[in-house]
Structure formats: C-alpha cells, structure tokens
Amino acid sequence: MEALYATVTGFLAASGLYLALRGRTFPVVVGLTLLSYAVNLFLFSTGGLTTDGAAVIQDGKTHYADPLPQALVLTAIVIGFAMTAFSVILAMRVRGDQGSDQVNDQRGDDAREEKS
Amino acid sequence: MMQHLIILPILLPLFTGLAMLIKRDATMQPRRTIGLVSTALLVVISIALVVESSNGQIRYYALGDWQPPFGIILMLDRLSALMVCLTSVLALGSLAYACAGDDKKGSNFHGLFQLQLMGINGAFLTGDMFNLFVFFEVLLIASYSLLMHGGGKDRTQAGFHYVALNLAGSAMFLIALGVLYGTTGTLNMADMGQRVAQLDPERLGLLKAGAFLLLVVFGLKSAILPLYFWLPRAYASAPAPVAALFAIMTKVGIYAILRVYTLIFGDSAGDLANFVQPWLWWFALATVALGGVGVLSARDLRTQVAYLILISVGTLLAGVSMDRVASLSALLYYMLHTTLVSGGLFLLADAIADQRGKAGARIVPGRGVTQPALLGLAYFVGAITVVGLPPLSGAIGKALLLDAAQPSEQPWLWPLLLLSSLAGLVAMGRSGSTIFWKAGKPDPEGPRLKPSMLAGLALLLGASPLLAIFAGPITAFTQASAAQLLDPGAYTQAILAPTSGGDS
C-alpha cells in the first residue's frame, strides 16, 4: 500500500507543479489545487499508514491510528478550499481587468513602459 | 486578568474585524473610530505585554486548557512581546493615514485591516508549528485582499503573482510540517526542540530536509535573494497604508527564522545545531548586494522604498546568521527602526505622488509638491534614517551590527553593508533632488496633507529620533531578548516543566 500511496502523491504533486508553471491563469489555479491535494495526502501519511486502526480510544482496541494528522488534514482542506475559491475569483478578475488570461500579460508591461 | 493578556492581541482585532461586518453600507466614520480606538488599545496592550515580559519569565497560555505538549499554546517572551508592540505601532500609523480617504477606495478596508493584524499578532505569539501555519494563512488571506484594495490592472496582476507564489509557499510549508511531525512526533516548538536533540541518527537526514524546506518557505515570506521577485512589484502597486503595514510582513518571515532556528535547531539540537546559519549568511549578503543595485535602478519612489526593504531584509538575515547575543540584539534594534521607517517612507511616497499630480511617484522632474517645506523635511529625515546616516536610529542600528561582526570571521559584511548604504544614499539623494529641486510650479489648489495623514507620517517617521534618544533602554531590552533567545533550555523548562510553568 505504501508504494501505491507514495506514487499517487508524487504523481499528483508533479502534475500540480507542471500546471502551476503554465502561462495561463486557469491551469495555474488547477495546478495549485492539485498540489494542495498532494500535500493533504502527504500530511495524512505522516502519522504512519495503518488499516483498521481506531482514531479515538475504544474498548478492546489495541491498534490505533495517529489522530493528529487527520485533524491537520481537515484544517488544511478547509484553508485550501478558501484559497482555491479566492484564486478562482482573482483569476476571473485578472481576465476582466487586462482582457487576457495570461499570467504575465506582455501587452500590459509594454503599456507600463511607455507610460513611465 | 493579567494572565489573559497574552491572547488579547489576537482576540481584540478579531472582534473588531467582525464588528466591521455589521451594517456593511454604514458610513465610514464609525468604522474609522472603532478601528482607530481598537488599534490604539492594541498599542496599550502590547506595551503592557512588553512590561510583563521584561522580567525574563517565559509565559504560556494553554488554549482550551490542554497542557503542552498536547494542546495549542501561545507563548510570550521578550521577543514576541517586542514584535507585537512593533506591529501595533506600525498599524496605528498606517491606519491613521488610511483614514484620510484611502479606506474609501474599495470595500471592507477596516475589517480586513483588523484581520490582518490578528494574523500577524497570532504568528508572533504562537508556540505551535501548525498554529503558525494557520496564522500565516490568516494574514495571507487578509493581505491578498488588501493588496488589491481599490482595484486596477497593475494591482490585480501583481496580486495574482503574489497569491500564486504564496499558495505554492503554503503547500511547501505543509510538506515541511509533515516531515517534521513525521520525524519528531510533535508540533509544539519547545517539545520539538527537545526531541530533535534525542533523535535517532537514522532519521536526521529526513529532519534536515524538512528543516531546509521550512527555511525556503520562511525565505519566501521574508524575500531572501532567490525568492524576492514578488516583492518590489507587489509592494509598489499596493495602496500606501497597506504597503506600510506590509513592512512588517517580511519581518514575520525573519521572526519565524529566528524562532525556529534558535529554539528547535539552535545550540541544543545536537548534530543539527545551528546548521542553517552558514547557508543564510551568503544568501543574506547577496540580498544586500542586490538590494543596493535595485535601489539605484528604481525609477519610481515606491519601487525604491521596496528595494530599501530588500536591503534591510538582507541586513537582518546577516544578523541572524552571525548568531550571537551582540548580533541578535543589534538585529532586533535594526528591525524596530527599519520597519517603522520604511512604513513611513511608503506613506510619504504616496503623499508626494498625491501632490505632484500627473508625475506621481515617478522620479522625473515634474510639478512641485504643494507643501515643499513639510514634505521635504519629512523626506530628509526619512532618507538619512533609512540609509543609516548619523545621528538617527539607522546609524545606531548599523553601527551595532557592524560592531557585532568580527572582521576576521566575517570580512564581507563591512564592505557590503557600507556599499549598500552608499547606494541608498546616492539613490535617495538623486530622487530627492529631482522631486524637490527640479520641480516646476506647484498647484496652489492642489491636495494638502490632511491632519490624520500627518499624524500617521509623524508617528512612523518620528519613531526614528525617539529610537535614537532612547537607544540605551531599548538596546538593554533587545540584548536581554537576544540572550533569552539563545537559551532554548529556558523555553523548554518554562513550557514543559509544569512547576515553573506559565499561568494558564
């Protein structure tokens, strides 16, 4: 299971990174989202991977999973959602303000050069 | 009551920020009053915290009464009290300036401003790594919106870069935290420091990787050389009061470096003791050099101030990497000075741009400012302070730092720091003479400084003479903070041994 888990996390992170380095705003936002999924999976695994482990104390259980990473992942997911929502809105705003969805709008830079 | 004082710098801005949400279409005046009163109250509270911490006792506040190392704690020592105090003074100055009209250019300025303060204060006070991440996110979310306050094409584009970079930074922060938690099994900073020393040598490599990754994240926040590209444009395009408040944001990164790499990876960390300092040293010097070049090349007053911030970041990090009481003490004094003065300079650049009409903040001959004597004097004070000419606080800070460097061990600091000061002097002299001397006729009907703008400017720039006059007591305090910081055993003792513990 560890190998599969690690592969999936690594693949997600690599895809996220690739997309985040693209020149248009939408792939960048999707890339950052994928990256945050990969990070969540990674955080989840930091307490060690167990199957059938109880997270809270139960009678007759001797096999426990580390509950702390689960709490951390929960917080990270909430923050990640807020950030994704914000960056989507922001990407739309960039599109509206500069009339293109390029992350580095060259026309904008030229206009600034002429102005100054 | 005194024991709950520690959490007040977080709760007060939170509730003030929430109060601003009631009646969204209300007039500006009540919000300004609430914001100013609350921020002034924050200054009073933070001064009380400084007094509280000055006896050298390290206190903690256990949230939900979960005793460390299990729960989340806030911790108060001299350094965190000092940083909270610095934040609140800077915030009061920039808020006063914003109340002259900048807050009306977009919606919800006052609420966001308070939430930003909450995030910054929380980051300074927390004693838990994950909680540090959460407060970083709080301050970042508020800063994203504040940066784009008022809108405009420049701001949205600079804002998108800033947001994307910081989201990537947050992802790395979480990975680093995961690695640290996976190897040490704790998130409490004091506990982590203790466990790092007793770690299985087999896991040291992994821990070191996590620690380096964390350094990259903090380096991104504080804008060290390879990670600084977002700063000049973001700061130059932000509205003036926001840029002034952002002067503390790079220092949050430096504070985190200072805290984590003295408490967790400091002298007591066994094999990993002080392992980042030699790395930081060269990056710090390169940042100073690059800041000097940037200052000379800037064509806009605000970009120039942004590069001056970069020089100060490099200088501060050089202080961190020398890692002894004298250098840390010098760095804390320099941090007080540079944060307040560069905040003041952002406000001043905006006031100048406002009065010059179309020429704005660009360093070209143009229309004269409406109040040349007042703004010229303020510019003069700000310029000689920020480049470090005597007799004001910049000179004292730099002299302390140069004094702490031993020329035999660190021969590069002297020439680089002095050359960067020279670059700053040349650049500030050039822009000052262009703006004030090669100026055309001012517009007699032009905008003038409103009383609250003047109050904000006077508070931030006036801090420099005060810092110079009271340099004695202040350096005594920073020296004690530095000594406390270099004694990680005392933290562990205060937080993990309940007999001498805090008052939760």
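By convention in this document, chain letters (A, B, ...) are assigned in the order of the sequence lines, proteins followed by strands, and residues within each chain are numbered from 1.
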**Complete:** Max heavy-atom pairs within cutoff under 4.5 Å with chain B, candidates A/L72, A/L35, A/V28, A/L17, goes to A/L72
**Request:** First locate atom CG of A/D97, then atom CZ of B/R155, and finally report the distance between them rounded to the nearest 0.5 Å.
**Result:** 11.5 Å
**Side chain, backbone, both or neither of B/Y144 within contact of chain A (heavy atoms, under 4.5 Å)** = both
**Asked** What do you reckon, is CZ of A/F26 surrounded by more than 12 foreign heavy atoms closer than 6.0 Å?
**Response** no
**Request:** Determine whether A/F86 and B/S145 make a side-chain contact, defined as any pair of heavy atoms from C-beta on separated by less than 4.5 Å.
**Result:** yes
**Prompt:** Relative to chain B, which segment of A/A13 carries a heavy atom at a distance below 4.5 Å: side chain, backbone, both, or neither?
**Reply:** neither
**Prompt:** Should we say atom OH of A/Y18 is surrounded by more than 12 heavy atoms from elsewhere, each under 6.0 Å from it?
**Reply:** no
**Asked** Measuring heavy-atom distances to chain A, does B/V364 have an atom under 4.5 Å in its side chain, in its backbone, in both, or in neither?
**Response** neither
**A/T25 portion near chain B, given a 4.5 angstrom heavy-atom threshold** = both
**Asked** Is it the case that more than 12 heavy atoms not belonging to B/F212 sit under 6.0 Å from its CZ atom?
**Response** yes
**Asked** Roughly how far apart are B/L174 CG and A/N40 CG, rounded to 0.5 Å?
**Response** 7.0 Å
**Asked** Which value, rounded to the nearest 0.5 Å, describes the distance between B/Y181 atom OH and A/T46 atom OG1?
**Response** 6.5 Å
**Request:** Against chain B, label A/L32 side chain, backbone, both or neither, depending on which of its atoms sit under 4.5 Å from a heavy atom there.
**Result:** side chain
**Item:** Any B/F160 side-chain heavy atom under 4.5 Å of A/R93 side chain
**Value:** no
**Complete:** Distance col, row B/E137:CD vs A/T75:OG1, nearest 0.5 angstrom, shows 11.5 Å
**Item:** A/M83 CE to B/L140 CG distance, which is reported to the nearest 0.5 Å
**Value:** 6.0 Å
**Request:** Report, as yes or no, whether the 6.0 Å neighbourhood of atom CZ on B/R430 holds more than 12 heavy atoms from other residues, nucleotides or ligands.
**Result:** yes
**Prompt:** Are the side chains of A/V39 and B/F173 in touch, meaning some heavy atoms are under 4.5 Å apart?
**Reply:** no
**Message:** For the interface with chain B, which of A/V94, A/L43, A/L90 has the highest count of heavy-atom pairs at distances below 4.5 Å?
**Reply:** A/L90
